[in-house]
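Following: one structure in structure tokens, then a few remarks.
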Amino acid sequence: MAESTVLNNLVNALRCMPGIGKKSAQRIAYHLLQRDRQGARELARALTEAMDNIGHCHRCRTFSETDICRLCSSAKRDRSLLCVVENPPDVYAIEESDYRGLYFVLLGRLSPLDGIGPDALGLDKLQQLLAGGEVQEVILATNTTVEGEATAHFISEIVRTHGLRVTRIAHGIPMGGELEYVDSSTITHAIAGRREI
Ligand code: ZN
């Protein structure tokens, strides 16, 4: 079996998934061949369908099957608020809150060492949105990593040139969290972001 080209191709293809090395890919391939050929066929079909049909929203850049995504085309959203996030899963996370504005998805963050500059983040598209007249406040919800903070700072400068309000989400102690288990940089952020109660 080891010299089967088809099997080798399958193992190599499985390695495109994050966190899957050669050993894991082999284990998955054998599992599917031995125990779940039907599941594997459905997976192959779902992958092809998704790759063929899911693109990016022309307005906010999140994943979408239509030119303009469901959120951007909804009449129920507050168009004066624009929340900037790094990746599509961040949108789903914030949708769990009571935020009802719109989004802009960078699909990454500034990372000069990896060659990711402003162009790769669609900032020209963001500028068009800001110039469109609907947005009044931009909420920067990039991650609190060094690169995420640098990205937030870079975008805040752009937003200011449009004369719009720009805010950064507060990062702090998780609900139900106990201070003694929270790391010092989180506590520093929480204190810096304190507000009147
Ligand atoms: Zn959209």
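We count ligands from 1, going down the list as the structure has it; atoms in each ligand are counted the same way. Along the sequence shown, residues carry numbers from 1.
No side-chain donor-acceptor contact under 3.5 Å links S111 to the backbone of I116. Of the possible donor and acceptor atoms, one in the side chain of D90 sits under 3.5 Å from a partner among the backbone N and O of N87. Side chain of E137 to backbone of T167: no donor-acceptor contact under 3.5 angstrom is found. A donor-acceptor pair under 3.5 Å links the side-chain atoms of R168 to the main chain of T142, judged by distance alone.
Less than 2.8 Å away from the Zn ion (ligand 1), the protein contributes these N/O/S atoms: C57 SG, C60 SG, C69 SG, C72 SG.
Within the 4.5 Å cutoff, the side chain of E95 has heavy atoms near those of the R100 side chain.
Pairing each heavy atom of F154 with each of L123, the nearest pair is CE2-CD1, 3.6 Å.
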